[in-house]
Amino acid sequence: MNPLSGVLDEAWRMYKTFAKHLLVIAFIIYLGAAIIEGLLALAGTFGFWLGFVVSVVALFLLQATLVKAVQDVRDGRADMSISETVSAALPYLWPVAGASILAGIAIWIGLFLLIVPGLFLITIWAVIVPVIVIERSGVLASFGRSRTLVRGHFWHVFWTLVLVFLIMLAVNIVLGLVFRALPHVLGSGLSAIISGTLISPYIALVVTLVYYRLVGISATTGAGQYAGYQQPPQGDPGYGGYGQPPQGGGGYGQPPEGGGGHGQPPQGGGNGGYQPPPQDGER
């Protein structure tokens with residue numbers, strides 16, 4: 001059975017439910033980086049390259065912040081404000097940057113040489129950022145942890161990433177056509193900011209949900225480092241939602257089926273699903 005079955009649909013439901021929260025986070029970081037980069041570019045060549053560094057660091061911050069935001073909303077509500085989410089992600093900025101740079105270099109070499117090694121590395125290191133942010137893993141340890149989680153589910157993860165790439169490609173093509181009528185520089189800049197704002201939260205949702213699915217399977221099969229899917233990592237109260245333990249097979253925000261409790265593996269395979277928050281009339 002594919003443990004990632006339905007993960008794209010689950011990510012889409014969460015995306016729609018928390019669109020305002022996630023999109024604002026992405027937009028603020030993208031826009032702030034674009035403004036700083038533009039101002040530095042006025043200073044000449046040195047300013048241009050300094051602005052480039054700022055934009056790259058902003059992308060690493062965005063990755064960490066969105067993973068933290070997804071971790072927060074898994075219990076069906078956003079407990080942290082935007083500023084609190086960014087602040088909570090800041091301690092992971094440099095570990096995420098270090099791991100991303102190392103992974104990027106290795107993947108680029110793999111793609112340049114034979115392509116296949118690069119695709120292999122992209123897949124086995126797919127959940128490095130969630131591992132760092134959620135488990136507070138070190139840079140080098142995150143590579144081994146990600147590979148351990150992906151082991152046995154390589155093709156499931158690979159095809160999930162392929163589908164996400166195709167979605168991203170389609171959105172970029174549509175936005176490119178929309179902004180074609182604008183001057184090249186303006187159109188390109190707007191397209192980059194808007195496409196990044198729209199796509200980044202969905203990618204973060206997919207990758208983080210893939211991480212949680214793999215952790216659940218790893219725990220129930222005894223392959224993981226935790227005693228059970230509902231057992232949070234030591235020292236990380238935010239596992240499975242901000243201050244909330246993940247629930248069992250009934251879905252996020254639902255009590256576990258069969259009387260299971262904290263520290264017990266989820267029933268029905270542990271994949272679960274996102275449970276949207278109740279509407280006002282349903283409370």
Side-chain angles (χ1 to χ4, degrees), residues 4 6-33 55-93 95-97 99-100 103-104 122-123 125-137 142 146 149-150 157 160-169 171-172 192-215 238-242 246 252 273-274:
L4 305 185
V7 74
L8 297 182
D9 182 60
E10 182 179 352
W12 176 242
R13 294 198 305 272
M14 292 183 70
Y15 183 95
K16 291 187 294 183
T17 302
F18 298 101
K20 181 180 178 180
H21 184 66
L22 298 174
L23 293 177
V24 169
I25 290 175
F27 181 74
I28 289 175
I29 294 178
Y30 266 109
L31 183 62
S55 66
V56 172
V57 172
L59 289 178
F60 296 144
L61 176 61
L62 179 63
Q63 291 181 58
T65 303
L66 287 175
V67 169
K68 180 59 69 174
V70 175
Q71 181 189 19
D72 175 29
V73 302
R74 285 185 71 242
D75 61 354
R77 65 181 184 271
D79 298 289
M80 295 190 293
S81 66
I82 293 174
S83 61
E84 289 173 336
T85 306
V86 175
S87 297
L90 277 175
Y92 308 104
L93 171 59
V96 167
S100 297
I122 289 174
T123 304
W125 294 340
V127 294
I128 283 178
V129 176
V131 165
I132 291 174
V133 175
I134 297 172
E135 299 185 8
R136 301 179 181 180
S137 174
S142 67
S146 178
L149 290 173
V150 173
V157 175
T160 299
L161 296 179
V162 169
L163 290 175
V164 171
F165 172 77
L166 293 176
I167 292 172
M168 181 178 63
L169 181 62
V171 172
N172 282 325
I193 293 175
I194 293 176
S195 65
T197 299
L198 294 176
I199 295 173
S200 296
Y202 184 72
I203 294 175
L205 280 164
V206 172
V207 171
T208 308
L209 290 177
V210 165
Y211 162 80
Y212 278 116
R213 295 280 188 97
L214 295 177
V215 167
Y239 180 75
Y242 184 60
Y252 302 136
Y274 166 68

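At least one cation-pi condition fails for Arg136 and Tyr92: the charged atom is not both under 6.0 angstrom from the six-membered ring centre and inside a 45 degree cone around its axis.
At a cut-off of 3.5 Å, with distance as the only test, a side-chain donor of Glu135 or Tyr211 sits close to an acceptor on the other residue.
In this structure, Tyr30 and Leu59 have side chains that are in contact, with non-hydrogen atoms separated by less than 4.5 Å. When side chains are defined from C-beta on, Leu62 counts as touching Ser200, because their heavy atoms get closer than 4.5 Å. No side-chain heavy atom of Val206 sits less than 4.5 Å from a side-chain heavy atom of Leu163.
Within the model, atoms CG of Leu198 and CE of Met168 stand 13.0 Å from one another, a figure rounded to the nearest 0.5 Å. To the nearest 0.5 Å, atoms CD1 (Ile128) and CG (Leu149) are separated by 11.0 Å. Between the OG1 atom in Thr197 and the CD1 atom in Ile25 there is a gap of 11.5 Å [rounded to 0.5 Å]. Between Leu161 atom CG and Ile203 atom CD1 the span is 10.0 Å, to the nearest 0.5 Å. Interatomic distance, Tyr202 OH to Leu22 CG, rounded to the nearest 0.5 Å: 13.0 Å. The CZ atom of Phe165 sits 9.5 Å away from the CD1 atom of Ile122 when rounded to the nearest 0.5 Å.
Between Glu10 and Arg213 there is a salt bridge, with a side-chain nitrogen of the basic residue lying less than 4.0 Å from a carboxylate oxygen of the acidic one.
Of the candidates Ile29, Leu31, Val24, Leu31 is the only one forming a side chain to side chain contact (heavy atoms under 4.5 Å, CB included) with Phe27.
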Next item on the list: Take Phe18 and Val70 through the side-chain contact (heavy atoms from CB on, under 4.5 Å) test and state the conclusion after the steps.
Entry: CA-CA 9 Å; Phe18 298 101; Val70 175; over 6 Å; no
Margin query: The test is side-chain contact (heavy atoms from CB on, under 4.5 Å); show your working for Val157 and Leu214 and say whether it passes.
Written below: CA-CA 10 Å; Val157 175; Leu214 295 177; 4.2 Å; yes
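Nearest heavy-atom pair, Pro95 versus Pro91, reported as atom, atom and distance to 0.1 Å: CD-O, 3.7 Å. In plain terms, the two heavy atoms of Ile132 and Ala99 that are nearest each other are CD1-CB, 3.6 Å. Between Ala26 and Pro201 the shortest heavy-atom distance is CB-CG, 4.0 Å. Across all non-hydrogen atoms, the minimal contact from Ser195 to Asn172 is CB-OD1, 3.2 Å.
Looking only at distances, a side-chain donor or acceptor of Asp72 sits under 3.5 Å from a matching main-chain atom of Asp79. Side-chain N or O atoms of Glu84 include one that pairs as donor or acceptor with a backbone N or O of Ser81 at under 3.5 Å. Between the side chain of Ser146 and the main chain of Ser142, no donor-acceptor pair closer than 3.5 Å is present.
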